[in-house]
Amino acid sequence: MEKDKITRRAAMTCAAALPIAAGLGSTGPARAQAAQGPQVPRTYRVPLGDFEVTAMMAGTRTVPDPQGTFGTNASEEEFAEVSKAAHIPTDKAQFFFTPTLVNTGSAVILFDTGLDPAGIVAAVEAAGYAADDVTHVVLTHMHGDHIGGLSDGGTPTFANAELLAGQEEWDHWSAAGNETFDGKVRPLGDSFSFLTTGGQVAPGITAVLAPGHTPGHMCFMLESGGQKMMLTADLANHYVWSVGKPDWEVRFDMDKQLAASSRRKILGTLAEEKIPFIGYHMPFPAIGYVEAEGDGFRYIPHSYQLLMT
Ligand SMILES: [Zn+2]
């Protein structure tokens with residue numbers, strides 16, 4: 001099993017290296033076309049006590065008109081000012097989708113499943129695991145970019161995994177008449193266990209209700225060997241516009257006031273206790289810290305704090 005995996009990965013590495021090897025023997029212009037496009041790493045792994053936490057890039061794309069989504073209640077001038085101060089444009093933004101894999105030593109737990117089955121399986125394999133290695137799949141909430149990879153027409157992507165989700169979240173979507181939920185999640189209903197706030201996924205992994213984005217949206221606190229990290233999912237979906245301005249309304253937040261109050265509360269705790277977090281839509285590898293600043297917070301991307309042994 002392990003040998004198969006290594007062989008397959010080695011084969012993929014060789015295949016990926018071919019164009020470069022071919023380029024070595026060619027003349028200058030072929031290599032100077034610069035047509036490869038941007039490169040973003042696929043996985044980023046950090047230790048956390050006895051756990052290993054892998055952020056996985058399951059998708060990234062450029063999206064126009066960010067103020068149609070973030071800061072819909074801010075003036076165009078203020079949006080421009082805040083964006084300019086952060087060196088980002090106002091006419092487009094880069095979106096990221098970052099499921100996270102936590103290996104506790106006795107369980108391999110996947111948090112959220114990206115956009116589709118092929119994408120999440122590729123991400124899990126890039127992190128060094130097979131889909132069948134995943135023992136638990138936890139859904140932070142049930143928007144399409146988090147449940148999309150859970151199943152294909154009711155066939156589970158992770159055949160050996162126990163499924164977990166928030167009770168409030170399940171209750172909402174199972175009554176909502178939502179096509180994606182009905183296609184991806186409802187057929188697996190019998191395999192789910194449900195969590196309420198304070199519930200444990202495994203020893204050291206605790207559910208924290210953070211509603212507003214959706215009615216039962218959950219964050220998860222990881223704790224091992226005296227170290228903490230929070231998976232904040234969609235609590236705050238942009239590192240400048242949502243972290244810096246928690247009260248700026250986000251189109252996808254179903255209850256905008258409640259979402260803002262959850263942001264303030266949880267970002268406040270992360271800032272006070274200097275706890276690192278992984279935000280599902282933060283720029284990859286999506287790991288960072290927050291610090292209180294003005295009426296909001298400042299995002300500080302992880303550099304090497306968690307890499308030191
Ligand atoms: Zn999302």
Side-chain angles (χ1 to χ4, degrees), residues 40 54-72 92-102 109-120 123-124 137-151 157 163-166 168-170 172-173 176 178-181 183-185 195 207-220 230-243 245-246 248-256 258-260 262-263 266-267 270 277-288 290 299:
V40 181
T54 309
M56 300 181 296
M57 218 280 299
T60 182
R61 59 173 182 247
T62 305
V63 177
D65 183 28
Q67 206 187 350
T69 298
F70 298 96
T72 51
K92 55 186 169 183
Q94 191 71 15
F95 281 19
F96 299 84
F97 304 88
T98 314
T100 297
L101 204 60
V102 179
I109 306 172
L110 173 66
F111 290 84
D112 290 331
T113 65
L115 299 156
D116 55 69
I120 191 64
V124 165
V137 176
V138 182
L139 300 176
T140 62
H141 65 293
M142 298 193 183
H143 276 158
D145 55 325
H146 298 255
I147 64 174
L150 184 67
S151 76
T157 308
L163 309 178
L164 295 107
E168 283 101 333
E169 191 67 2
W170 177 271
H172 171 79
W173 292 100
N178 178 274
E179 203 182 311
T180 312
F181 173 89
K184 297 279 185 181
V185 186
L195 294 158
V208 179
L209 186 66
H213 182 68
T214 59
H217 176 273
M218 279 184 158
C219 300
F220 290 87
M230 193 176 230
L231 307 181
T232 57
D234 283 17
L235 175 79
N237 280 345
H238 193 276
Y239 78 106
V240 174
W241 302 317
S242 303
V243 170
K245 302 285 175 183
W248 278 13
E249 292 183 356
V250 179
R251 182 161 57 96
F252 300 117
D253 288 347
M254 291 170 69
D255 181 332
K256 295 178 179 21
L258 188 57
S262 288
R263 267 195 286 282
I266 288 178
L267 293 178
L270 297 180
F277 71 101
I278 296 182
Y280 193 81
H281 296 292
M282 296 289 138
F284 198 78
I287 308 174
V290 280
Y299 182 67

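Note that ligands are numbered from 1 as they come in the structure, with each ligand's atoms numbered from 1 the same way. Since the structure is predicted, the reported quantities are computational estimates derived from the model, not experimental observations.
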Inset, instruction - Just say parallel, tilted or perpendicular for the rings of H141 and H146, cut-offs at 30° and 60°. - result: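 Answer is tilted, since the angle falls between 30° and 60°.
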Inset, instruction - Determine the interplanar angle of the H143 and W173 rings, folded into 0 to 90°, and report it as parallel if under 30°, tilted if 30 to 60°, perpendicular if over 60°. - result: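 The rings of H143 and W173 stand perpendicular, inter-plane angle above 60°.
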Inset, instruction - Taking 2.8 Å as the upper limit, name the protein N, O or S atoms near the Zn ion (ligand 1). - result: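 Counting only protein N, O or S atoms under 2.8 Å from the Zn ion (ligand 1), the list reads D145 OD2, H146 NE2, D234 OD2, H281 NE2.
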Inset, instruction - Check whether any side-chain heavy atom of L270 lies under 4.5 Å from a side-chain heavy atom of M230, and answer yes or no. - result: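 SC-SC contact between L270 and M230 confirmed.
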Inset, instruction - Taking atom types as modelled, find out whether N237 and S242 have a side-chain donor-acceptor pair closer than 3.5 angstrom. - result: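 The criterion, which ignores hydrogens and geometry beyond distance, is not satisfied for S242 and N237.
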Legend entry - With K184 via salt bridge (Lys or Arg N to Asp or Glu O under 4.0 Å) - residues at least two apart: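 Per chain and number, K184 pairs via salt bridge (Lys or Arg N to Asp or Glu O under 4.0 Å) with no residue.
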Inset, instruction - Could you point out which residue of F252, W248, W241 forms a ring pair (Phe, Tyr, Trp, His ring centres under 6.0 Å) with F70? - result: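 When ring pair (Phe, Tyr, Trp, His ring centres under 6.0 Å) is applied between F70 and each of F252, W248, W241, only W241 qualifies.
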